[in-house]
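The chain is numbered in sequence order, starting from 1.
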Amino acid sequence: MPTWQDYRTHARRFSTRYFEEPLARSLMAIGLTPNRVTFLGLLVSGACAYLLSQGMFVAGGAVLIFAGIMDMVDGALARRSGTASPRGALLDSVVDRVAEATVFLGLLVYYLEPVSATEIVLINVSLVGSFMVSYLRARGEGLGVDCRVGIMTRPERVVALAVGLLLGQVTIALAVIAVLTVFTTLHRFWHIHRELDGS
């Protein structure tokens, strides 16, 4: 029976072949570099955060999708242009974390006035869970363990939040992200723990 990772792998291959690579070719043709696309994605995430802070959720959801596209394409552009490097990968990872935090900050600002305790708690759990999911993959790989397991990685978080924003179901989207990032954190921890026990 196919696993969630199998579905993710198939979706990733489809996206790379029919979406990321053609878009990367177009961006390379107009002279954009991977680092510029990375920073463009950060700027778009900032615009998304502003829209969310003003309660413009549908517009924010659309802009978030665009930011997610930039996040996917910079890697494909680096590979196609032959400029992929550890320094570029480091920059991309750091900017991804900052961009994600910026989007959650926009939502947090909105829910602070008036205070909406449920949403504020969900935003905080989602943010911490998101960072832990990314941290555990990096820590696992640093220990020699491939750690791509888990259901709620960055692409799934972007999709879940964007759909919630577009449908006006932000609280539900945050709850899904919060619960599944915690689940993925535990999943990755035990995966690394088990692999290290067997080494």
- Message: Could you go through T83 and T33, starting from their C-alpha distance and side-chain angles, then the distance that decides it, and tell me whether this counts as side-chain contact (heavy atoms from CB on, under 4.5 Å)?
- Response: CA-CA 9 Å; T83 58; T33 65; over 6 Å; no

- Any side-chain heavy-atom pair of L166 and I65 under 4.5 Å: yes

- Message: Within this structure, what is the CG-CG distance for the pair L127 and L108, rounded to the nearest 0.5 Å?
- Response: 9.0 Å

- Message: Any heavy-atom pair between the side chains of F104 and L174 that's under 4.5 Å?
- Response: yes

- Query: Does D146 offer a backbone N or O that forms a donor-acceptor pair with the side chain of H191 under 3.5 Å?
  - Reply: yes

- Point-to-point distance, once rounded to the nearest 0.5 Å, from SG of C48 to CG of L165: 6.5 Å

- Query: In terms of ring plane angle, is the pair Y110 and F57 parallel, tilted or perpendicular, where the classes change at 30° and 60°?
  - Reply: perpendicular

- Roughly how far, to the nearest 0.5 Å, is CE of M70 from CG of L77? 10.0 Å

- Query: Could you go step by step and tell me if V176 and M152 meet the side-chain contact (heavy atoms from CB on, under 4.5 Å) rule?
  - Reply: CA-CA 9 Å; V176 169; M152 188 53 72; 4.2 Å; yes

- Do L32 and L23 share a hydrophobic cluster (ILVMFWY, side-chain heavy atoms under 4.5 Å, transitive)? yes

- Does any non-hydrogen side-chain atom of R188 lie less than 4.5 Å from one of V133? yes

- Given side chains that start at C-beta, do those of F39 and L91 come closer than 4.5 Å, heavy atoms only? yes

- Query: Can you check whether L180 reaches E156 side chain to side chain, under 4.5 Å on heavy atoms?
  - Reply: no

- Query: Can you name the closest pair of heavy atoms from A99 and S45 and give their distance?
  - Reply: CB-OG, 3.4 Å

- dist L40:CG -> I69:CD1 (nearest 0.5 Å) comes out at 11.0 Å

- Task: Determine the minimum heavy-atom distance between T171 and L122, stating which atoms define it.
- Result: O-CD1, 3.8 Å

- Query: Is D197 close to H193 at the side-chain level, that is, under 4.5 Å between some pair of heavy atoms?
  - Reply: yes

- Query: Do side-chain atoms of N124 reach the backbone of I120 as a donor and acceptor pair under 3.5 angstrom?
  - Reply: yes

- Just wondering, more than 12 heavy atoms not from M28 lying within 6.0 Å of its CE? yes

- Item | Derivation of the side-chain contact (heavy atoms from CB on, under 4.5 Å) call for L51 and V58 | CA-CA 9 Å; L51 292 170; V58 174; over 6 Å; no

- Query: Where is the tightest heavy-atom contact between A76 and E21, given as atom of each residue plus distance?
  - Reply: CB-OE2, 4.1 Å

- Does one hydrophobic cluster hold both F131 and L161, with members joined at side-chain heavy-atom distances below 4.5 Å? yes

- Note on the structure: Closest heavy-atom pair, S81 versus A78, reported as atoms and distance to 0.1 Å, is OG-O, 3.4 Å

- Query: Does some side-chain heavy atom of R97 sit less than 4.5 Å from a side-chain heavy atom of R154?
  - Reply: yes

- Note on the structure: The reported gap from OG in S85 to CG in N35 (rounded to nearest 0.5 angstrom) is 7.5 Å

- Item | Min side-chain heavy-atom separation R157-T181 under 4.5 Å | yes

- Are more than 12 heavy atoms from other residues, nucleotides or ligands located less than 6.0 Å from atom CZ of R139? no

- Item | Shared hydrophobic cluster for M72 and V44 (ILVMFWY, side-chain gaps under 4.5 Å) | yes

- Message: Is there a path of hydrophobic side-chain contacts, each under 4.5 Å between heavy atoms of I/L/V/M/F/W/Y residues, joining I172 to I123?
- Response: no

- Separation of I177 CD1 from T184 OG1 (nearest 0.5 Å): 11.5 Å

- Task: Answer yes if V163 and V103 sit in the same cluster of Ile, Leu, Val, Met, Phe, Trp and Tyr residues linked by side chain heavy atoms under 4.5 Å apart, and no otherwise.
- Result: no

